[in-house]
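To keep things clear, I will list the structure first and then write my remarks on it.
Along the sequence shown, the residues carry numbers beginning at 1.
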Amino acid sequence: MSSLISVVIPIYNVSKWLPGCLHNILQQSINEIEIILVNDGSTDNSGEICNSYGQLDERVKVIHKQNGGLSSARNAGIKVATGKYIVFIDPDDKIREDYFSVLYNAAEENDCDAVVSGYMTVPNNQEKLPGFIKNTVMDGKTFVLSSPTIHTNNDLCFVWRNIYKLKNIKDNNIRFNEQVFIGEDVIFNLEFFLKSERIIALNKIIYHYTINNPESLMRVNYKPKLENSLVLQYKIRKQLSQEFELLPYRHYRKDLANYYINNIYRLIISNLKKDNKLKLVTEIKRVVNYDLVSDSVREIGFNYKCSNLKEYLYFLLVKYKVYPIIHLLETKAR
């Protein structure tokens, strides 16, 4: 029997969580699935766990490859996937018992290219619903524009909350960018949505996302590849936004600018401050002159969304490129 859904799981040193994840998936009510385990060069016993499940259940396919990162692993899964639809699940997360049936039935009943759901963060149990207009089928561009805060609310983040028609991915040659190490989901989702004719968002929480991983980006030391990855992410996001004529829409454009100042600029600076060998004043000058910063402050003008006067004054320092004072403030906070 052909598979209704291909389930791609990227795996790297996750032996602690992998058995629970696979048990969770194998207990789902829809049985016509293929589970593609992509062992991305794990150095623990994750590969052995993959092999054991491959021997236990004929629906499990195992790929062993050299370490190439999350995007590379997911792309390897896409290459061999054969289902009508495809989902991506992270091995340290859990899915509700009706995860597959909710997504599959919504896609079939509404003849959709993609279905977007909500999720709950673990362990704090915070529910996150999509910001798009819900329970309404829309074309991709209308769908994207239906969220008033698509960037700042992270509505483009996380592929594991969605189901996608596999044919659309392969026909349009949509893949995860292997040079983007943060926000790769955003680029994938934006491209897929904009090249789709029918999408729907559901008012349902069906995925449990683990947020207390000690290896989280914000908890580790300086990451040398982070900055280039974020700059490339902005370039691609802007190109897609221009290609599909999203930038003429003021709410989309303004929210994009606020996202890059509030989130991405801060992330880059925080990362640089973790390396005491760097000359911070030189690094700040370089970052402030990036297109992702200069474009954003120009778009925001003086209408910067912030919580206090100190934050607004800092924004003005960035806007007018007052490097010495920015450096002084960041040095005190280092």
Handout entry: pair V80-I63: side-chain heavy atoms closer than 4.5 Å
Key = yes
Problem - Ring centers of Y164, Y85 separated by less than 6.0 Å - result: no
Practice task
Tell me whether L246 is reachable from I236 by hopping between hydrophobic residues (I, L, V, M, F, W, Y) whose side-chain heavy atoms are closer than 4.5 Å.
Solution key: yes
Problem - Cation-aromatic face contact R266/Y314, 6.0 Å, 45 degrees - result: yes
Problem - Sidechain N-carboxylate O distance under 4.0 Å for D40, R74 - result: no
Handout entry: Side-chain heavy atoms of V297 within contact of I261, under 4.5 Å
Key = yes
Practice task
State whether a side-chain donor-acceptor pair under 3.5 Å links R161 with Y99.
Solution key: no
Handout entry: Verdict with reasoning, S147 to D155, per side-chain hydrogen bond (donor to acceptor under 3.5 Å, both in side chains)
Key = CA-CA 8 Å; S147 171; D155 282 324; 2.7 Å; yes
Exercise for the section: Decide yes or no on side chain to side chain contact (heavy atoms under 4.5 Å, CB included) for L329 and L317, but give the supporting numbers first. Expected result: CA-CA 11 Å; L329 294 173; L317 294 174; 3.7 Å; yes
Exercise for the section: State whether a side-chain donor-acceptor pair under 3.5 Å links T121 with N124. Expected result: yes
Exercise for the section: May I ask you to check whether E184 and S71 show a side-chain donor-acceptor distance below 3.5 Å? Expected result: no
Practice task
Please lay out, stage by stage, how N51 and H64 fare under the test side-chain hydrogen bond (donor to acceptor under 3.5 Å, both in side chains).
Solution key: CA-CA 10 Å; N51 289 338; H64 296 284; 2.8 Å; yes
Exercise for the section: State, yes or no, whether a side-chain contact exists between I30 and L4 at a heavy-atom distance under 4.5 Å. Expected result: yes
Practice task
Find out whether F192 and D113 are in side-chain contact, i.e. whether some heavy atom of one side chain is under 4.5 Å from a heavy atom of the other.
Solution key: yes
Exercise for the section: Please determine, by modelled atom types, if Y207 and D93 share a side-chain donor-acceptor pair under 3.5 angstrom. Expected result: yes
Handout entry: Cluster check I174, V38: I/L/V/M/F/W/Y, side chain < 4.5 angstrom
Key = yes
Problem - Test log, rule side chain to side chain contact (heavy atoms under 4.5 Å, CB included), inputs Y260 and R237 - result: CA-CA 11 Å; Y260 271 94; R237 195 189 301 219; 3.2 Å; yes
Exercise for the section: May I ask you to decide whether K238 forms a salt bridge with D291, counting only side-chain N to carboxylate O separations under 4.0 Å? Expected result: no
Exercise for the section: Ignoring hydrogens and angles, state whether a donor on the side chain of Q179 or S229 is under 3.5 Å from an acceptor on the partner side chain. Expected result: no
Practice task
Would you mind reporting whether I35 and L37 have side-chain heavy atoms less than 4.5 Å apart?
Solution key: yes
Handout entry: Cationic N near anionic O, under 4.0 Å, K195 to E191
Key = yes
Handout entry: Sequence neighbours excluded - ring-ring contact (aromatic ring centres under 6.0 Å, His included) pairs with any residue from residues 315-334
Key = Y304-F315
Problem - Between S15 and D44, a side-chain donor and acceptor under 3.5 Å - result: yes
Practice task
Can you run down the ring-ring contact (aromatic ring centres under 6.0 Å, His included) pairs that involve residues 127-158, sequence neighbours left out, and say none if there aren't any?
Solution key: Y119-F158, F132-F143, F143-F193, H151-Y252, F158-W160, F158-Y209
Practice task
May I ask you to list the residues sharing a hydrophobic cluster with L56, side-chain cutoff 4.5 Å, ordered by chain and number?
Solution key: none
Problem - T43 and N13 side chains, donor-acceptor separation under 3.5 Å - result: yes
Exercise for the section: Run the salt-bridge test on K84 and E108 with the 4.0 Å N-O cut-off and return the result as yes or no. Expected result: yes
Problem - Short side-chain donor-acceptor distance under 3.5 Å, N153 and K128 - result: no
Exercise for the section: Decide, yes or no, whether a salt bridge links R59 with D57 under the criterion of side-chain N to carboxylate O below 4.0 Å. Expected result: yes
Handout entry: Heavy-atom check, side chain of D295 versus side chain of E299, under 4.5 Å
Key = no
Practice task
For this output row, return yes or no: ring centroids of Y234 and Y259 closer than 6.0 angstrom.
Solution key: no
Exercise for the section: May I ask you to test the V115-I199 pair for a side-chain heavy-atom distance under 4.5 Å? Expected result: no
Handout entry: Salt bridge present between D139 and R198 (N-O < 4.0 angstrom)
Key = no
Exercise for the section: Using the six-membered ring of Y249, assess whether NZ or CZ of K254 lies under 6.0 Å from its centre and within 45 degrees of the ring axis. Expected result: no
Handout entry: Validation row: L22, I9 side chains within 4.5 angstrom (heavy atoms)
Key = yes
